[in-house]
Amino acid sequence: MGWNTWNAFGCDADEELLLTSAQSLIDFGLRDLGYNIISLDDCWSIGRNSSGYLVESPIKFPNGMPSMISQLHDMGFKFGIYSSAGTFTCAKHPGSLGYETQDADLWASWGVDYLKYDNCFNQGQSGTPKISYDRYNVMSQALNATNREIIYAMCNWGNDDPYDWAYLIANSGRMSGDIYDSFNRPDDRCPCTEAPGCAWPGFHCSIMNILNKIPSITSRTMSGYFNDMDGLEVGNGGQDDNEYVSHFSMWAINSSPLMIGTNIPTLSPANLAILSNPAIIALNQDPSAGAAVRKWRYLVEPDDNGQGEIALWTRIMDNGDIVVALLNAGNSSRTMNATMNDIFFDQRTAGAYKTPPELSETWNVYDLWANRMSNEEAQSILSGSNGTTANGTRTGLYNATATSYADGLQNNNTALYGAHVGSIAPSGPFSAEIARHSVGVFRLRSQGNANPRKRDEL
Ligand code: GAL
């Protein structure tokens, strides 16, 4: 989790922006909610010096990278750098192909903690999984050889099926072309709708486009390697509140890295409330480290973008809870139903048929958006007048710096469990009213000790 410069600022990122944003992340309680990586994207380097080392722009980083990185460390952040496994980055700044060891050594000496590694200008070294693997592996080895712990975030947009090999060498891998701030508008620049075998990932990919590439690669999200659905657009103005709730919820439930991609100092109360929901973040940080399964999807009446669909997603959490997401990407508000047979479809069809024990349980239902922070409370945090202690820590919010989400979940910290809204009788129906382009996210907890089976092998 963290903050990345690209979606909101493109090439316009400098030391002042990074330090100001870091301070706001602290002031608004976001660092302590877990957003603790400051990730600088493209356009920071002006070239190489006579010894071949990358040089930062003296205009953007007048005090040099090491000094800024050490300030960010002192503020409690990790620092992320960006480069490309090509001769240039995507914005035509120097890339790292052929300079992997030298660049990794330089970054380690600066104190870099995270590398986003892009795919532009790769000299045609792509086209088969093996060719891409070999090219990305050179940087993986170089990072390991530094002996500094550096998170390796591959960004090859799902080319050459990274789902089958990138877990061997990286910590995350982008699985789609670039996101843009639209809920579901199709765009010819993002031609792929299914992930595996996608030859031209492109860019201008909507939230629904990226989300609908996940079902076939669900099993390729695992502890240590995460499918990266790209940085968040929450706050950038292209979607309404319900759409941002859907975007944030579906990224969280699928264990995509949560990298905020907006201007932090000007965050609105509503957007702060979305990004600050600890019950949703806890899904993202769950020790199960898995993704959700789309159990069904139906097309419904289209909206102005010619799109309309509804879907049921579920995920089994580490403690045996079942999370249910009812996504209404249709054009009007509707009552959505899910049967226990749908929710436990995988258990029902595992091996020889026998009624899954989960169907004879009574389940308590917790609405994970019911305790969303009010706009008034969010506004008071933004104006620094509510619950902010002298060292900038918000008291009312979940503090993951002090207690990890895993520990909080184990201790039944109520901030992580939403609001109890009812229960479902054995095999009973489950339904909820879901607004247009919104999602209901519910945690089902067994009243008994059903200890639901996990389908780790799927
Ligand atoms: C793209 C990448 C984006 C951003 C951009 C910078 O290839 O997918 O996330 O990093 O390059 O030029």
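Indexing begins at 1, ligand by ligand and atom by atom, following the structure's order. All figures in this text were calculated on a predicted structure; none of them were measured in a lab.
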Sequence neighbours left out, cut at 3.5 Å: what donor-acceptor pairs do the side chains of residues 68-78 make with other protein atoms?
residue : atom : partner : partner atom : Å
His73   : NE2  : Gly111  : O            : 3.2
His73   : NE2  : Asp113  : OD2          : 2.8

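Aromatic ring orientation, Trp165 versus Tyr136: tilted (interplanar angle from 30° to 60°). Ring orientation note: the planes of Phe9 and Trp3 are nearly perpendicular, at an angle over 60° on the 30°/60° scale.
Here Arg294 pairs with Asn212 under the side-chain hydrogen bond (donor to acceptor under 3.5 Å, both in side chains) rule; sequence neighbours left out.
For residues 46-60, the salt bridge (Lys or Arg N to Asp or Glu O under 4.0 Å) pairs, not counting sequence neighbours, are Arg48-Asp103.
If you look at ligand 1, the protein residues with a non-hydrogen atom under 4.0 Å away are Trp6, Asp41, Asp42, Tyr82, Cys90, Ala91, Lys116, Asp118, Cys155, Trp157, Arg174, Asp178.
Nearest approach of Pro257 to Asn227, heavy atoms of both residues: CD-O, 3.8 Å.
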